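First the structure, in the form of structure tokens, and then the observations on it.
Fair warning: this is a prediction, and the values are worked out from it, not measured in the lab.
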Amino acid sequence: MDARPKMIYLPDTMVNWPWPRTINPHFEDVKAEVDLWFRNFKALSLESQETFDRGDFARLGALLYPNAPREHLRISCELMNVFFIFDEYTDIANETVTKEMVDIVLDTLHHPHKVRPEGECILGEIVRQFWARAIQSASLSSQRHFLETFAAYLHGVVAEVIDREQGHKRSIDDFLKLRRYTVGVRPCFLINEMGMDLPDEVFYHPVIMDLAECIADLCMIDNDMISYNKEQAAGNEDHNVVTIVMSELGLDIGSAMAWAAHYHAEVQKRYIDSYANVPSWGPSIDVLVKEYLDETAIWARGNHSWHYESQRYCGTKGPEVQKTSLVPLLPKANRKAGV
């Protein structure tokens, strides 16, 4: 007899977040363009393409960057697709293959005008077209920061794959350190920054870095809470904070969700407190800093909204789940039957 609960309670973690949900007015037009662009690569099987369509990653871009100009929104949507395809490929890849893909991506980012070798994984050409478009309008400082944070994300995914191959379970603290990279939030700030020249003394200032880490943590917790149900059903829930907390603290699903929600609330408070105490670099820089921080705060709201507005995790029940905070616990797939 299955003693697991029939329902999972998902607390509304963002109920007190000051930045409201809004969506970019160019969403529909850009979605049509980017979805066609991505399909033309024929990078996915029919089943995976259907999963991609349910994810509605153009909506994600439009929710994350509601104030972005049309061209920047197009770039953001392409970036969301880059994350999806890399995640899709590495979810089933071993360490060797994953490292090969990382090498292809890094080479592409550093040589965006180089013709990709015949027979190479299509990932290279997808990334090349995205980055070649991005650098046309991105400030040099934003390009530099993206290359650094995206490389960290890639290497984080390699570590995740090694953990999966070796069956290694990290402690909560160690897991959070890795998950901040694999959640892929920091590279996405490229879009917030690409229209400004944010000095390194600002970007790398401890307060600004801590605020960025807070946003990564908020998004990681929200993602892992809502994705846990789908992942546990498929048997690939090991790289999820809910699983890690259950294992280390000996908690059931509901208690682990409560732990995650409490951690989320603490991070929110840390962000709000630090936001109110950002140093000044003079009027001309301060206005850029405020814009940058507000846009990253909107990012956390957009990420949360997308989880319920797309069909990636809750199917067509997203709005209902968001309203009730309850989702039926999915049965675990019968691997022996090939289900």
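- At distances below 3.5 Å, not a single donor-acceptor pair connects side-chain atoms of R186 with backbone N or O atoms of T149.
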Inset, instruction - Take E266 and R270 through the salt bridge (charged side-chain N to carboxylate O under 4.0 Å, His left out) test and state the conclusion after the steps. - result: CA-CA 6 Å; E266 289 184 329; R270 192 172 108 216; over 6 Å; no
Inset, instruction - Go through R144 and E148 one step at a time and tell me if the salt bridge (charged side-chain N to carboxylate O under 4.0 Å, His left out) criterion holds. - result: CA-CA 6 Å; R144 191 171 66 253; E148 177 186 314; over 6 Å; no
Inset, instruction - Give the intermediate values and the outcome of side chain to side chain contact (heavy atoms under 4.5 Å, CB included) for residues N229 and L10. - result: CA-CA 10 Å; N229 193 29; L10 291 171; over 6 Å; no
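- The cluster map of Ile, Leu, Val, Met, Phe, Trp and Tyr, joined by side-chain heavy atoms under 4.5 Å apart, puts Y9 and V327 in different clusters.
- In this structure, F27 CZ and L73 CG are separated by 9.0 Å, a value rounded to the nearest 0.5 Å.
- No donor-acceptor distance shorter than 3.5 angstrom exists from the side chain of N192 to the backbone of Y292, with no hydrogens or angles considered.
- Between the H145 side chain and the S141 main chain, a donor and an acceptor come within less than 3.5 Å of each other.
- Taking CH2 of W306 as the start and CG of N303 as the end, the distance is 7.5 Å to the nearest 0.5 Å.
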Inset, instruction - Step by step, work out the salt bridge (charged side-chain N to carboxylate O under 4.0 Å, His left out) result for R312 and D56. - result: CA-CA 8 Å; R312 183 163 172 80; D56 200 354; over 6 Å; no
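- For the pairing with T182, the side chain to side chain donor-acceptor pair (under 3.5 Å) check across H239, E160, H155 returns one residue only, H239.
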Inset, instruction - Determine, stepwise, if the pair V102 / V157 fulfils side chain to side chain contact (heavy atoms under 4.5 Å, CB included). - result: CA-CA 9 Å; V102 167; V157 172; 6.0 Å; no
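- Contact of the M14 side chain with the H264 side chain is registered, since non-hydrogen atoms from C-beta on lie closer than 4.5 Å.
- Note: the hydrophobic cluster containing Y204 also contains M194 (ILVMFWY, side chain heavy atoms under 4.5 Å, direct or indirect links).
- Residues D222 and T13 have side chains that bring a donor and an acceptor to within less than 3.5 angstrom of each other.
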Inset, instruction - Starting from the C-alpha separation in whole Å, work towards a yes-or-no answer on side chain to side chain contact (heavy atoms under 4.5 Å, CB included) for V241 and Y228. - result: CA-CA 9 Å; V241 71; Y228 173 79; over 6 Å; no
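- Here CE of M220 is found 10.0 Å from CG of N240. Values are rounded to the nearest 0.5 Å.
- The closest side-chain heavy-atom distance from C188 to M80 is below 4.5 Å.
- Listed here is the closest heavy atom pair of A68 and N24: O-ND2, 2.8 Å.
- By the rule that hydrophobic residues join a cluster once side-chain heavy atoms approach within less than 4.5 Å of another member, L64 and I298 end up as members of one cluster.
- Between R59 and I23, some side-chain heavy-atom pair lies under the 4.5 Å cut-off.
- Within the 3.5 Å criterion, the main-chain N or O of D252 finds no donor-acceptor partner in the side chain of S255.
- Contact of the L44 side chain with the I85 side chain is registered, since non-hydrogen atoms from C-beta on lie closer than 4.5 Å.
- A salt bridge links E125 with R128: the distance from a Lys NZ or Arg NE/NH1/NH2 to an Asp or Glu carboxylate oxygen falls below 4.0 Å.
- Using a 4.5 Å cut-off on side-chain heavy atoms (C-beta onward), F86 and T90 make contact.
- Classification of the F57-F84 ring pair by plane angle, with boundaries at 30° and 60°, yields tilted.
- The environment of NE2 in H262 is sparse: at most 12 heavy-atom neighbours from other residues, nucleotides or ligands sit within 6.0 Å.
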Legend entry - Check against side-chain hydrogen bond (donor to acceptor under 3.5 Å, both in side chains), Y271 and D217: CA-CA 10 Å; Y271 186 92; D217 277 13; over 6 Å; no
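- Heavy-atom minimum distance, W37 versus F130: CZ2-N, 4.3 Å.
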Inset, instruction - For L60 and S310, run side chain to side chain contact (heavy atoms under 4.5 Å, CB included): C-alpha distance rounded to whole Å, both residues' side-chain angles, the deciding distance at 0.1 Å, then the answer. - result: CA-CA 8 Å; L60 175 59; S310 83; over 6 Å; no
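- Side-chain contact between H304 and D12 is present, with heavy atoms from C-beta onward closer than 4.5 Å.
- The distance from atom CE of M246 to atom CD1 of I244, rounded to the nearest 0.5 Å, is 11.0 Å.
- Between F175 and D238, the shortest heavy-atom distance links the atoms CE1-O, 4.5 Å.
- Of the possible polar contacts, one joining the Q143 side chain to the A138 backbone as a donor-acceptor pair under 3.5 Å is found.
- Judged by distance alone, the side chain of E165 and the main-chain N or O of E95 form a donor-acceptor pair under 3.5 Å.
- Closest non-hydrogen pair, E193 versus S139, comes out as O-OG, 3.6 Å.
- The minimum heavy-atom distance between L218 and A300, with the atom names listed, is CD1-CB, 4.4 Å.
- Note: the hydrophobic cluster containing V127 also contains F41 (ILVMFWY, side chain heavy atoms under 4.5 Å, direct or indirect links).
- Residues M196 and E291 share a closest heavy-atom pair of CE-CD, 3.7 Å.
- Using a 4.5 Å heavy-atom cutoff, the side chains of I191 and I75 are in contact.
- To the nearest 0.5 Å, the span separating CG on N81 from OG on S76 amounts to 9.5 Å.
- In this structure, Y181 places its OH atom where only 12 or fewer heavy-atom neighbours from other residues, nucleotides or ligands lie under 6.0 Å away.
- Cluster annotation: V245 is connected to I8 through the hydrophobic network of ILVMFWY side chains, with a link wherever side-chain heavy atoms come within less than 4.5 Å.
- In this structure, NZ on K114 lies 4.5 Å from CZ on R116, to the nearest 0.5 angstrom.
- Side-chain contact between E295 and N67 is present, with heavy atoms from C-beta onward closer than 4.5 Å.
- For the salt bridge (Lys or Arg N to Asp or Glu O under 4.0 Å) criterion with E237, the lone passing option out of K169, R164, K230, K332 is K332.
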Inset, instruction - Before giving the answer on side-chain hydrogen bond (donor to acceptor under 3.5 Å, both in side chains), spell out for D163 and Q166 the whole-Å C-alpha distance, their side-chain angles and the decisive distance to 0.1 Å. - result: CA-CA 5 Å; D163 282 357; Q166 297 179 352; over 6 Å; no
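- At least one donor-acceptor pair under 3.5 Å links the side chain of E248 to the backbone N or O of I172.
- Note: W131 and F146 have parallel aromatic rings, judged against thresholds of 30 and 60 degrees for the angle between ring planes.
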